[in-house]
Amino acid sequence: MSESRRQLLTIGVFFIIIVVGILLYPANVTHNWWNILQLIIVLFGVWMLILAGISAMSPQKYERSPYSTVQMGVLLMALGAAWFLFGYSWIYSVALLLLALGVIAITSAMRRKK
């Protein structure tokens with residue numbers, strides 16, 4: 001899959017994620033508009049993980065590695081979830097962000113060079 005197709009696919013998925021977030025508000029799943037933004041950030045992080053799997057199956061020359069795409073996805077998911085948890089207590093947000101950074105540091109240390 002070429003890079004332009006992946007970019008177009010990402011734009012389409014982003015619009016679908018926004019629509020899902022907006023449709024969850026009238027269904028009373030989200031309580032306010034900030035929760036929609038937090039949900040969009042988390043779901044886009046999930047999409048980054050899926051995109052890393054797609055790019056790992058057919059890597060292209062001079063493109064971002066799937067490993068760094070996974071790291072961005074994990075950070076986006078952690079940021080969205082930490083923002084949500086900040087409404088309960090800031091200590092949960094800090095703990096979640098530190099957990100995500102710790103997991104990324106451990107996986108980076110364990111990663112083998114090709």
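The figures here come from the full heavy-atom set of this structure, side chains too, leaving out hydrogens, waters and symmetry mates.
Listed here is the closest heavy atom pair of Ala100 and Val74: CB-CG1, 4.4 Å. Of all non-hydrogen atoms in Ala81 and Val42, the two that sit nearest each other are N-CG2, 3.6 Å. Considering every non-hydrogen atom in both Gln71 and Ser108, the closest pair reads NE2-OG, 3.1 Å.
Phe14 pairs by the ring pair (Phe, Tyr, Trp, His ring centres under 6.0 Å) definition with Phe44, not counting sequence neighbours. Legend: residues meeting side-chain contact (heavy atoms from CB on, under 4.5 Å) with Leu75, ordered by chain and number and at least two apart, are Leu101, Ile104. With sequence neighbours excluded, the residues forming a side-chain contact (heavy atoms from CB on, under 4.5 Å) with Leu97 are Ala78, Leu79, Ala82, listed by chain and number.
Put simply, the side chain of Asn35 never gets that close to the backbone of Gln38: no donor and acceptor are under 3.5 Å apart.
Listed by first and then second residue, the ring-ring contact (aromatic ring centres under 6.0 Å, His included) pairs involving residues 63-85 are Trp34-Trp83, Phe84-Tyr88 (not counting sequence neighbours). The list of side-chain hydrogen bond (donor to acceptor under 3.5 Å, both in side chains) pairs with a residue in residues 72-81, not counting sequence neighbours, is empty. Within the structure, the side-chain hydrogen bond (donor to acceptor under 3.5 Å, both in side chains) test picks out the following pairs touching residues 43-52 (sequence neighbours left out): Thr10-Trp47.
Distance check, rounded to the nearest 0.5 Å: CD1 of Ile36 to CG of Leu23 gives 9.5 Å. Going from atom CG of Leu9 over to atom CZ of Arg5 covers 10.5 Å, rounded to the nearest 0.5 Å. The CG atom of Leu39 sits 11.0 Å away from atom CD1 of Ile18, with the distance rounded to the nearest 0.5 Å.
With a 4.5 Å cut-off on side-chain heavy atoms, Leu85 and Leu96 count as touching. Contact of the Leu49 side chain with the Met77 side chain is registered, since non-hydrogen atoms from C-beta on lie closer than 4.5 Å.
Residues Val19 and Val13 do not share a hydrophobic cluster, defined by chaining ILVMFWY side chains whose heavy atoms lie under 4.5 Å apart. In the hydrophobic clustering of this structure, Trp33 groups with Ile40; members are Ile, Leu, Val, Met, Phe, Trp, Tyr whose side-chain heavy atoms approach within less than 4.5 Å, directly or through other members. Under the 4.5 Å side-chain contact rule for hydrophobic residues, Leu99 and Met72 do not share a cluster. A chain of hydrophobic side-chain contacts below 4.5 Å, direct or via other Ile, Leu, Val, Met, Phe, Trp or Tyr residues, connects Val94 to Phe86.
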- Task: For the pair Leu76 and Met48, evaluate side-chain contact (heavy atoms from CB on, under 4.5 Å) and give the outcome as yes or no after the intermediate values.
- Result: CA-CA 9 Å; Leu76 276 175; Met48 295 295 286; 4.1 Å; yes

